[in-house]
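Along the sequence shown, the residues carry numbers beginning at 1. As the structure lists them, so they are numbered: ligands from 1, and atoms in each ligand from 1.
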Amino acid sequence: MTERKRKAIGVFDSGVGGLTVAGELMNRLAGEDIVYLADSARVPYGTKSPDTVLRFTRESLDFLKGRNVKLIVIACNTASSVALPKLVCEEEIPLVGVLLPGARAAAKASRNGKIAVIGTPATIRSRAYETALHEIDQYLDVRSHPCPLFVSLAEEGWLDDDVTRMVAHRYLDPLAAFGADTMVLGCTHYPLLKGVISETMGSGVTLVDSAKEAAAEVEGVLEREGLARSRSEGGKFECFVTDNPYLFREVGERFLGRPINKVEHVSF
Ligand code: DGL
């Protein structure tokens, strides 16, 4: 096996949400080692300006490159929307975001051409999903809405709760009235709230989870570049955070859906 193939996949998010992507990678690419970084000292990114998100993402990528990874997944919709377009021009290492895989899957799933997108305020403000969807098909009718409270509700673990249902109606009723048959869950936290979101939007609406789609994209890139390891080889998971490792571990296990042995604190 080549030296490069043996390296881990770097996964970056502002916090715990990217663990939904790490979990999908573990399911799909069981032979790969994963190094996860959460910039938990500076989360949330979703309410910050594009310049700040770009600076924080750049610094986080530098940390992961220092761990000698072979590919980096930007498992944060905000960073994928705001920072990734600039970073792909700067970096030599392959970068995979969560936005394009999600947009492609939504365009494919929609039958009536009406797509709803939800995400953090920064993601929605960037219009990155609209742009990506219209590059795929200019006739798609896209409606977007920021749902910032969903992040806290998912972290609190209120996944099947009346408060979450009320918030969901407030955010999503206008999108349900729009008549979309497909909705992009454009934030790493939202897959945890799938049950309530689906109940609010109606069973006829397909929810696109960008975590699943991004894992499929990573598999494709590794195969194309000859960097994929076989299922029987690795599977080590290392986790780094910029603040509060104990809280991260507690909440993170819910997002990952399996135990996290160790969370290390780093600063940069
Ligand atoms: N990870 C972010 C995203 O997917 C949500 C949390 C944050 O705002 O930093 O957009």
*Candidate pair Tyr139 and His134, rule ring pair (Phe, Tyr, Trp, His ring centres under 6.0 Å), full reasoning*: CA-CA 7 Å; Tyr139 297 109; His134 285 142; 9.4 Å; no
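When Asp39, Thr188, Val98 are ranked by how near their heavy atoms come to atom 4 (O) of ligand 1, first place goes to Thr188.
Close contacts of ligand 1 with Tyr45, meaning ligand atoms under 4.0 Å from a residue heavy atom, involve 7 (C), 8 (O), 9 (O). Close approach of ligand 1 to Asp13 is summarised as follows: ligand atoms under 4.0 Å from at least one heavy atom of the residue are 1 (N). Close contacts between ligand 1 and Val43 involve ligand atoms 9 (O) [criterion: under 4.0 Å to a heavy atom].
Looking at Gly46 next to ligand 1, an N or O pair under 3.5 Å apart turns up. Residue Thr78 has at least one nitrogen or oxygen atom sitting less than 3.5 Å from a nitrogen or oxygen atom of ligand 1, judged on distance alone. Checked against a 3.5 angstrom limit, the closest N/O atoms of His189 and ligand 1 fall outside it. At least one N or O atom of Asn77 sits closer than 3.5 Å to an N or O atom of ligand 1.
In Thr47, neither the side chain nor the backbone holds a heavy atom less than 4.0 Å from any atom of ligand 1. With a 4.0 Å heavy-atom cut-off, ligand 1 is reached by the side chain of Thr120 but not by its N, CA, C or O. Only side-chain heavy atoms of Ser14 come within less than 4.0 Å of ligand 1; its backbone N, CA, C and O stay farther off.
Inter-residue side-chain proximity for Asp13 and Tyr36 is flagged as met; some heavy-atom pair is nearer than 4.5 Å. For the pair Val241 and Glu264, the minimum side-chain heavy-atom distance is 4.5 Å or more. Considering only heavy atoms from C-beta on, Val117 stays 4.5 Å or farther from Glu130 through its side chain.
Side-chain contact, Ser40 with Asp243: no donor N or O sits under 3.5 Å from an acceptor N or O. Side-chain atoms of Tyr45 and Asp39 include a donor-acceptor pair closer than 3.5 Å.
Under a 4.0 angstrom heavy-atom cut-off, Cys187 registers as being in contact with ligand 1.
For Leu99 against Ser81, the heavy-atom pair with the smallest separation is CD1-OG, 3.2 Å.
In this structure, CD in Glu199 is found 11.5 Å from CG in Leu193, a value given to the nearest 0.5 Å.
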